[in-house]
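Read the structure below first, then the notes.
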Number of protein chains: 2
Amino acid sequence: MDMPMKQYSDQNRFLIAVDCIVFGFDGEHLKILLIKRGFEPEKGKWSLMGGFVTPKESLDDAANRILTQLTGLKDVYLEQIQAYGNPMRDPIERTLSVTYFALIDIHKYEAQISDQYHAEWFPLKETPQLIFDHEEMVETAKKKIRYKAALHPVLFELLPKKFTIPQLQNLYEDVYSTQIDNRNFVRKLTATKLLIKLAEKDKSASKKGAFYFKLDKKKYKENFQAFLNFIPNPDKLTSV
Amino acid sequence: MDMPMKQYSDQNRFLIAVDCIVFGFDGEHLKILLIKRGFEPEKGKWSLMGGFVTPKESLDDAANRILTQLTGLKDVYLEQIQAYGNPMRDPIERTLSVTYFALIDIHKYEAQISDQYHAEWFPLKETPQLIFDHEEMVETAKKKIRYKAALHPVLFELLPKKFTIPQLQNLYEDVYSTQIDNRNFVRKLTATKLLIKLAEKDKSASKKGAFYFKLDKKKYKENFQAFLNFIPNPDKLTSV
DNA sequence: TCAAAAGTGTTCGAATTACACCCATGG
DNA sequence: CCATGGGTGTAATTCGAACACTTTTGA
């Protein structure tokens with residue numbers, strides 16, 4: 001934007017898109033939301049949810065709008081990941097895409113996922129082939145969420161208000177594709193003082209039942225910058 | 001890019017720029033490179049080095065081209081940070097900017113910094129007012145480099161082939177605005193096995209002289225993903 | 001000879017890991 | 001009553017933080 005020229009009139013303009021990598025958690029597994037593309041090119045293939053940026057909206061606005069169109073919901077955790085600008089990435093016309101990741105509780109949004117887009121949840125390890133460079137985007141998003149969650153308690157955004165420790169552990173294990181020792185996990189968790197134990201139990205997953213917890217919202221916000229260290233083998237992370 | 005439509009013909013197109021936050025180190029302090037803007041709007045103010053993306057180049061290509069124009073050099077460490085898309089961020093015309101940070105050894109590139117741009121190195125804490133949203137970009141770049149360097153040995157990109165431990169420590173202290181205990185620093189450093197001690201000494205900074213070291217390139221590449229932990233108080237990092 | 005910077009070890013507390021058994025309950 | 005998943009404690013080790021003095025040498 002800062003080349004030595006009086007005007008921008010002799011510059012080229014390009015399409016700008018936003019593509020969302022929507023992570024969801026259902027209490028058992030981490031999944032991503034994909035849509036079946038109903039038009040050419042690449043009709044019938046799976047794709048991230050995306051759309052073009054319009055003249056008066058910011059990138060964040062566009063990401064929120066697109067996500068709302070798909071899920072019907074607002075105030076979802078959304079964070080920019082990266083811009084993809086390979087000139088050939090869209091065969092129709094050069095398009096720059098800015099990716100975002102979203103974190104949502106699958107059960108909460110289940111009813112509202114609009115059927116018109118043929119949206120479907122896929123377990124992270126069973127994602128189908130995707131159009132264009134969307135697979136690369138997903139890979140980068142996975143790395144990003146690993147980095148982010150290694151340093152900030154952001155994964156709580158994927159959980160309902162009440163959740164159990166086994167659910168939380170499933171989540172961390174899925175995000176990092178690893179097994180975590182339950183006793184050590186609980187110890188680190190209680191050290192954060194982020195959780196408040198409820199009297200109620202979730203009996204859907206076992207006969208004994210697991211106690212529900214809720215987030216201490218105040219401490220969550222205060223300590224979001226604090227480093228956590230839930231991951232025994234952070235070597236498994238790859239570059240951001 | 002994936003809205004249900006047959007063609008992209010009714011979409012809006014925008015200017016796309018790349019702005020580079022060029023970090024440099026001279027053995028004593030971390031600095032950033034700014035240019036004095038020679039044209040309106042904002043003529044005479046300081047600015048990041050930037051330019052528009054052309055039709056056939058990728059974002060990475062554009063960043064490299066712009067950096068080469070400024071410094072005359074290639075193969076500089078360059079990494080994308082973020083896209084800025086506020087509709088009003090450039091008063092002339094809506095422009096999306098993708099920022100990159102570059103890491104260079106000031107002495108190596110000194111001679112080649114092109115004078116025609118009135119480029120100047122500023123110590124990080126003494127940066128002047130910048131145009132548009134460039135100050136926000138610099139702040140984000142500082143956070144980004146702190147995160148990156150907390151997890152990867154990327155700061156070596158700022159150093160010459162031969163460097164001393166005191167120089168390296170200055171660098172880390174500047175990046176994190178903190179004082180580091182020299183004995184603990186050296187212990188962690190030797191634990192990485194990334195450094196090879198040379199026979200030669202640098203006597204420019206002291207009478208006793210400090211031994212030069214060089215990077216073990218092979219281990220550097222192998223271990224780039226490994227987590228280091230040089231920073232005593234990572235709490236000081238703020239969100240990425 | 002002395003000022004200025006380089007270089008070097010130890011101790012303590014905290015954090016991390018590894019590891020195994022009992023509990024509660026619904027079917 | 002038993003199979004299933006939930007919940008809990010300890011010991012050994014590693015890691016990180018705090019801390020101060022000696023060395024070298026050019027001016």
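These numbers come from the heavy atoms of this one structure, side chains and all, not from hydrogens, waters or symmetry mates. Numbered from 1 within each chain, the chains take letters A, B, ... in sequence-line order.
In this structure, CG on A/L30 lies 8.0 Å from CD1 on A/I106, to the nearest 0.5 angstrom.
Side chain to side chain, A/S58 and A/D60 fail the donor-acceptor criterion of an N or O pair below 3.5 Å.
Of the options B/D19, B/T140, B/D133, a side-chain hydrogen bond (donor to acceptor under 3.5 Å, both in side chains) to B/Y84 is made by B/T140 and by none of the others.
Rounded to whole angstrom, the span from the CD1 atom of B/I180 across to the P atom of D/dA18 amounts to 12 Å. Atom CZ of A/F163 and atom P of D/dG6 are 15 Å apart (whole Å). Residue A/N170 contributes atom CG, which lies 12 Å from atom C1' of D/dG6 at whole-angstrom precision. Atoms CD (A/Q169) and C1' (D/dG5) sit 12 Å apart, rounded to a whole Å. Rounding to whole angstrom units, CG of residue A/L168 and P of D/dG7 are separated by 12 Å. Atom-to-atom, NZ of B/K188 to C1' of D/dA17 comes out at 9 Å; the value is rounded to the nearest Å.
Centroid-to-centroid, the aromatic rings of B/F163 and B/Y212 stay 6.0 Å apart or farther.
For the pair B/K201 and B/F211, the cation-pi test (distance below 6.0 Å, angle within 45°) is passed.
Here B/F122 pairs with B/W46 under the ring pair (Phe, Tyr, Trp, His ring centres under 6.0 Å) rule; sequence neighbours left out.
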ask   = Could you run down nucleotides 1-11 of chain C 5' to 3' and tag each one B, S or - for protein heavy-atom contact under 4.0 Å?
value = ----BBBBBB-
